[in-house]
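Reminder, nothing fancy here: chain letters follow the sequence lines and each chain counts from 1. Computed from heavy atoms alone, side chains included, the values below leave out hydrogens, waters and symmetry copies. Predicted, not measured: the structure shown is a model, and the values here were computed from it.
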There are 2 protein chains.
Amino acid sequence: MATVGESNPSHRQPAAETGTSAAPLADRNGNRVSSRPSNLVTGGIPDIVIRRLPVYVRTLSLLADRGVESVSSDELARHIGVTAAQIRRDLSYFGKFGKQGKGYSTELLAGTISRILQLDRQWDVALAGFGNLGRAIAHYRGFLPAFRVAAIFDSSSERSGERFNELTVQPVERITEIVAAEKIRIGIIAVRTGAAQDVADRMIAGGARALLNYTTVVLRVPANVTVREIDPVGAMQSMTYYLDERDD
Amino acid sequence: MATVGESNPSHRQPAAETGTSAAPLADRNGNRVSSRPSNLVTGGIPDIVIRRLPVYVRTLSLLADRGVESVSSDELARHIGVTAAQIRRDLSYFGKFGKQGKGYSTELLAGTISRILQLDRQWDVALAGFGNLGRAIAHYRGFLPAFRVAAIFDSSSERSGERFNELTVQPVERITEIVAAEKIRIGIIAVRTGAAQDVADRMIAGGARALLNYTTVVLRVPANVTVREIDPVGAMQSMTYYLDERDD
DNA sequence: CCGAAATCGTGCCATATTTCACAATTATCC
DNA sequence: GGATAATTGTGAAATATGGCACGATTTCGG
Ligand SMILES: NC(=O)c1ccc[n+]([C@@H]2O[C@H](COP(=O)([O-])OP(=O)(O)OC[C@H]3O[C@@H](n4cnc5c(N)ncnc54)[C@H](O)[C@@H]3O)[C@@H](O)[C@H]2O)c1
Ligand SMILES: NC(=O)c1ccc[n+]([C@@H]2O[C@H](COP(=O)([O-])OP(=O)(O)OC[C@H]3O[C@@H](n4cnc5c(N)ncnc54)[C@H](O)[C@@H]3O)[C@@H](O)[C@H]2O)c1
């Protein structure tokens, strides 16, 4: 396997981009806004490429499960809905994984990209907010097996203290302490909007460096923290632009 | 106000894009796969610009509600986390809304962009899937007031027939019929992955032209249908790339 | 009413991203 | 075994996106 895989990832650290400055706000797909790694300075790999990798893994794994042993960039591209050249280019940032005349081994490539993304381990995640959304996230099995909710926080005195599986919902005051103690690097923010920045700050103080933000708040985070936005409302609001009364 | 606002939006229709050529996301049948409209051909406005507009509206409305009457591109940029030039450029696609020396009227600009996005009306939405996620979406107030769940579908015989507010959950077989009858243009897909394409096809057959896809399935849709993906798992999986054991 | 300060809109340039297209390599078939 | 077909990885070109910087215009304080 080529270079990146399990090598020391320190060189990948998102380029410095402080608070408000240069951070672009929406990715190509529809996922949203805010501080994601700038994509060039480090000589690193463009974030837009990184964001496509999960789809590759997903599709390759699906094919592998179906018993398909190898796949060409062209066929993979048709499955995913991108161009074959893009897939080949994306992969070329990391090494050479294909075989001319044959294509890529589905299983091998899925495994390789998983390692590149560090998905070959389980990550503990801190969940803040245990309201409707927070509960839904806690119950959602789709994050498994790479991600496991290891701590839950809520400010409400009714909710804090509540049990979920083997976890007790903790008060927000303990976020920093617990995130640090459990070495949690990833946070999910599902609190009411007014509390989002505070909760993010506490998580970061405890050592979190990746935040999944379900609120519409634009989070201010240091340059070494990655934030991804989940913004279904924004997605809907941008689709209506294209709607027309009559149609085809 | 400038041109676009409530003018006939037919010219905005995503360019019909045949085959794989100009459009990055087309499959063999000329069906655009997955999200966003092609962004150039029509001489139309780049989709990436459209996708930023909801954030502008949101922020401007917030400021207006706080009693801020006008805001400069610079200040707005600081709130949102983009550059002032980008905001000015984005707006310039639609007209001239600012006043030199002063900035933009928060209320006016929020209203103008809302009209551009056609958010100055209520859109009926069809929701497919009434499991955990579907229920959460149905209860979620964040889509209001621009979007209203007007029909709910589920294949399960237990769920179909169930009531939600004044709605009865309907079987998937009725999607096309009901979507057509109620002139619904927007669908939300929250069914199990295996059913996503089928449900999408039925909605489109009934006249839906915008789909919010919560599943990980890559939907095949005609070129005149916009799809946006909500993919929190992918977002998480791409953030782990940047995580490092030690940090800073 | 004046000069300084603020701010927009945009031409033009810089950067980022995608795509083309082809040499090199490997597979396949007879 | 040799000819043909398939397919990769990548330099170079093409597009798309972002940002600088400045003329033009408006505001503002006195
Ligand atoms: N992106 C999405 O798909 C999506 C969907 C639904 C809701 N949301 C957003 O997620 C957030 C939560 O939505 P919800 O429907 O779960 O609301 P909710 O009211 O059910 O839950 C909010 C929770 O946050 C808790 N909370 C309030 N202040 C807190 C604080 N300082 N620290 C920790 N917890 C605190 C409350 O006690 C409550 O449990 C909102 O911002 C909402 O807009 C996003
Ligand atoms: N993007 C996200 O944030 C997110 C979060 C949770 C779940 N999901 C995804 O959303 C989907 C639903 O998740 P869930 O947790 O609600 O699962 P669920 O099992 O609770 O609900 C799925 C629902 O789909 C219904 N269904 C199955 N086949 C159908 C068909 N042919 N037509 C209509 N309805 C059908 C089922 O009856 C059930 O009610 C899954 O694909 C899941 O991976 C996405």
Side-chain angles (χ1 to χ4, degrees), chain A residues 2-3 15 17 20-29 36-52 69-78 80-106 108-109 112, chain B residues 2-3 15 17 19-26 36-52 69-78 80-106 108-109 112:
Chain A
T3 59
E17 139 217 321
T20 67
S21 70
L25 111 138
D27 70 32
R28 263 222 147 78
N29 250 322
R36 92 200 94 148
S38 119
N39 28 4
L40 51 153
V41 191
T42 17
I45 288 139
D47 185 59
I48 196 165
V49 171
I50 301 301
R51 277 186 279 103
R52 280 192 290 260
E69 298 203 338
S70 77
V71 67
S72 67
S73 59
D74 200 59
E75 196 185 335
L76 186 56
R78 263 180 279 118
I80 299 176
V82 297
T83 64
Q86 179 160 81
I87 292 176
R88 295 201 301 273
R89 170 74 66 197
D90 284 353
L91 295 177
S92 78
Y93 282 105
F94 303 97
K96 303 183 179 185
F97 311 109
K99 204 170 183 182
Q100 284 159 329
K102 192 72 182 299
Y104 303 87
S105 155
T106 52
L108 234 60
L109 187 53
T112 300
Chain B
T3 58
E17 115 221 324
T20 62
S21 66
L25 297 169
R36 73 255 142 162
S38 123
N39 30 3
L40 52 153
V41 193
T42 20
I45 288 141
D47 185 58
I48 196 165
V49 171
I50 301 299
R51 278 187 279 103
R52 280 190 290 259
E69 299 202 337
S70 77
V71 67
S72 66
S73 59
D74 201 58
E75 196 185 335
L76 186 56
R78 262 178 283 117
I80 299 177
V82 297
T83 65
Q86 177 158 82
I87 291 177
R88 294 202 300 274
R89 169 76 65 200
D90 283 353
L91 296 177
S92 78
Y93 282 106
F94 303 98
K96 302 181 180 187
F97 311 109
K99 206 171 184 183
Q100 284 158 327
K102 192 72 183 301
Y104 303 87
S105 155
T106 52
L108 234 60
L109 187 54
T112 301

What does nucleotides 7-13 of chain C look like as a protein-contact string, B for base, S for sugar-phosphate only, - for none, at under 4.0 angstrom between heavy atoms? BBBBBB-
Rounded off to whole Å, could you give me the [atom1]-to-[atom2] distance for the [X] and [N] pair?
{"X": "A:Glu69", "N": "D:dT7", "atom1": "CD", "atom2": "P", "value": "16 Å"}
{"X": "B:Asp47", "N": "D:dG18", "atom1": "CG", "atom2": "P", "value": "12 Å"}
{"X": "B:Ile48", "N": "D:dT15", "atom1": "CD1", "atom2": "P", "value": "18 Å"}
{"X": "A:Tyr93", "N": "D:dT8", "atom1": "OH", "atom2": "P", "value": "18 Å"}
{"X": "A:Glu75", "N": "D:dA6", "atom1": "CD", "atom2": "P", "value": "13 Å"}
{"X": "A:Phe94", "N": "D:dT8", "atom1": "CZ", "atom2": "P", "value": "17 Å"}
{"X": "B:Asp90", "N": "D:dA16", "atom1": "CG", "atom2": "P", "value": "16 Å"}
{"X": "A:Gln86", "N": "D:dT15", "atom1": "CD", "atom2": "C1'", "value": "13 Å"}

Can you list the residues that meet the side-chain contact (heavy atoms from CB on, under 4.5 Å) rule with B:Ser70, with sequence neighbours excluded? B:Lys102
For A:Gln100, what residues pass the side-chain contact (heavy atoms from CB on, under 4.5 Å) criterion, not counting sequence neighbours? none
Would you say A:Arg52 reaches C:dT18's phosphate, i.e. side-chain N/O to OP1/OP2 under 4.0 Å? yes
Indicate the atoms forming the closest heavy-atom contact of [X] with [Y], along with that distance.
{"X": "A:Tyr104", "Y": "A:Ser72", "value": "CD1-C, 4.5 Å"}
{"X": "B:Leu76", "Y": "B:Val71", "value": "N-CG2, 3.7 Å"}
{"X": "A:Ala77", "Y": "A:Thr83", "value": "CB-C, 3.7 Å"}

Less than 4.5 Å apart, side chain to side chain, heavy atoms only: is that true for A:Leu91 and A:Arg88? no
